[in-house]
Amino acid sequence: MTKAVFPGSFDPLTMGHLNLIQRASGLFDELIVTVGTNISKRSLFTPDERVALIQESVADLSNVRVQMESGLTVDFVKSVNASVILRGLRNSKDYDYEAGIAQMNHYLDNGIETLFLLTDAKYAFISSSLLKEVLHFGGDISELVPPAVVAALAKK
C-alpha cells in the first residue's frame, strides 16, 4: 500500500491545489493532505478553517484525508507510515524552491521520496499569495478557488 503526504499551508485552497489532490488520489492508495503553518506568510484562514475547507472540497475522494501538521514533515510522514511526500510544481521557480526542501528531507530521512507533480497548465498562474492580494483589492477569484472557499470568503 503506497501512502503519500501532500503538505502545504493551503491558505486558501486553490483550484490548482484541488486538481493536484484529485490527480494524486488516483496515484496512491492513500493521500494525506496536511495543513501546516508557513511562518513567512500572513494567514487568511485559521488552520482549523483550512482543514475544514479542504475536507469539504475533497469529500468525494474516499482515499484522501486531511489533518493538521506541525513540526518537520519527514517526522509526520514517518509517524503515519507513508513513504512519499508529494509536491506540486507550477514553474521552474517552484522547482528551485522545492528541490532544496526535497534534498533536505532526503538528508533527514533517506527512506522518504519526494515526487513532483506538475500543475495543470490552466492553473499554473494561481498562487495563494497572489489570490490574497487580488482579494485585498476587491478582485473576483471565485473561479480560482473551490466553492467551499468562495462561501467561506463571503463570510469573512
Side-chain angles (χ1 to χ4, degrees), residues 1-41 43-131 143-152:
M1 180 164 140
T2 305
K3 188 183 297 188
V5 173
F6 183 28
S9 54
F10 306 107
D11 187 44
L13 179 70
T14 70
M15 292 304 290
H17 294 135
L18 185 56
N19 177 263
L20 288 170
I21 292 167
Q22 291 166 334
R23 290 166 47 211
S25 74
L27 299 174
F28 301 101
D29 297 310
E30 183 178 1
L31 179 65
I32 305 168
V33 179
T34 60
V35 173
T37 302
N38 186 332
I39 59 173
S40 65
K41 295 181 180 178
S43 295
L44 182 61
F45 293 106
T46 68
D48 287 332
E49 289 172 324
R50 286 181 264 154
V51 167
L53 290 170
I54 298 168
Q55 286 173 329
E56 184 176 341
S57 299
V58 301
D60 61 324
L61 302 173
S62 62
N63 66 330
V64 176
R65 67 181 162 114
V66 185
Q67 64 186 84
M68 275 188 264
E69 171 202 359
S70 61
L72 293 173
T73 299
V74 291
D75 291 340
F76 177 83
V77 170
K78 285 190 289 190
S79 76
V80 297
N81 297 314
S83 58
V84 175
I85 297 171
L86 176 70
R87 300 299 296 165
L89 298 177
R90 293 169 295 173
N91 52 43
S92 60
K93 182 179 172 187
D94 280 356
Y95 173 78
D96 290 341
Y97 175 75
E98 294 292 346
I101 294 171
Q103 290 165 340
M104 177 57 78
N105 287 337
H106 187 76
Y107 167 80
L108 293 170
D109 187 322
N110 65 10
I112 297 171
E113 294 293 340
T114 298
L115 295 180
F116 297 125
L117 191 57
L118 291 176
T119 302
D120 189 307
K122 67 183 172 186
Y123 303 122
F125 71 97
I126 304 171
S127 74
S128 294
S129 299
L130 181 58
L131 293 184
E143 293 184 15
L144 305 177
V145 296
V149 175
V150 173

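Note that this is a predicted model, so its numbers are computed, not measured. Only this structure's heavy atoms are used, side chains among them; waters, hydrogens and symmetry mates stay out.
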- Message: Tell me the closest heavy-atom pair linking Thr119 and Arg90, and the distance in Å.
- Response: OG1-CG, 3.6 Å

- Item | Euclidean distance, Leu115 CG relative to Leu89 CG, rounded to 0.5 Å | 11.0 Å

- Message: Determine whether a donor-acceptor pair (N or O, by modelled atom type, separation under 3.5 Å) exists between the side chain of Arg50 and the backbone of Leu13.
- Response: no

- For Phe45 and Asp11, the nearest pair of non-hydrogen atoms, with its separation, is N-OD1, 2.8 Å

- Message: Can you confirm whether Tyr95 is buried at OH, in the sense that more than 12 heavy atoms of other residues, nucleotides or ligands lie under 6.0 Å from that atom?
- Response: no

- Could you tell me which non-hydrogen atom of Leu53 sits nearest to which non-hydrogen atom of Ala152, and how far apart they are? CD2-CB, 3.7 Å

- Message: Tell me the closest heavy-atom pair linking Arg65 and Ile32, and the distance in Å.
- Response: NH2-CD1, 3.1 Å

- To the nearest 0.5 Å, atom OG of Ser25 lies from atom CG of Leu31 at 7.0 Å

- Task: Rounded to the nearest 0.5 Å, what's the gap from OH on Tyr123 to CG on Leu18? Could you check?
- Result: 7.5 Å

- Query: Taking Asn105 for the side chain and Val74 for the main chain, is one N or O donor matched with an acceptor at less than 3.5 Å?
  - Reply: no

- Distance-minimising heavy-atom pair for Asp48 and Met68: OD1-CE, 2.5 Å

- Message: Is it the case that the side chain of Ser128 and the backbone of Pro12 share a donor-acceptor pair, with hydrogens and angles ignored and the cut-off at 3.5 Å?
- Response: yes

- Message: Any heavy-atom pair between the side chains of Lys78 and Ile112 that's under 4.5 Å?
- Response: yes

- Message: For Lys3, is there any backbone N or O sitting under 3.5 Å from a side-chain donor or acceptor partner on Asp29?
- Response: no

- Query: Between Thr14 and His17, is there a donor-acceptor pair closer than 3.5 Å when you use the side chain of the first and the backbone of the second?
  - Reply: yes

- Task: Identify the two heavy atoms, one from Asp109 and one from Gly111, that lie closest to each other, and give their separation to 0.1 Å.
- Result: OD1-N, 2.8 Å

- Message: Quick check against the 3.5 Å criterion: does Arg23 have a side-chain atom that pairs as donor or acceptor with the backbone of Leu118?
- Response: yes

- Return yes when atom CE of Met104 has more than 12 non-hydrogen atoms of other residues, nucleotides or ligands closer than 6.0 Å, and no otherwise. no

- Please walk me through it: do Val66 and Phe10 pass side-chain contact (heavy atoms from CB on, under 4.5 Å)? CA-CA 11 Å; Val66 185; Phe10 306 107; over 6 Å; no

- Message: Please report the interatomic distance CD1(Ile21) to CZ(Phe6), rounded to the nearest 0.5 Å.
- Response: 5.5 Å

- Query: Is there side-chain contact between Leu86 and Leu117, with heavy atoms separated by less than 4.5 Å?
  - Reply: yes

- Item | Evaluation steps, side-chain contact (heavy atoms from CB on, under 4.5 Å), between Val58 and Val33 | CA-CA 10 Å; Val58 301; Val33 179; 5.8 Å; no

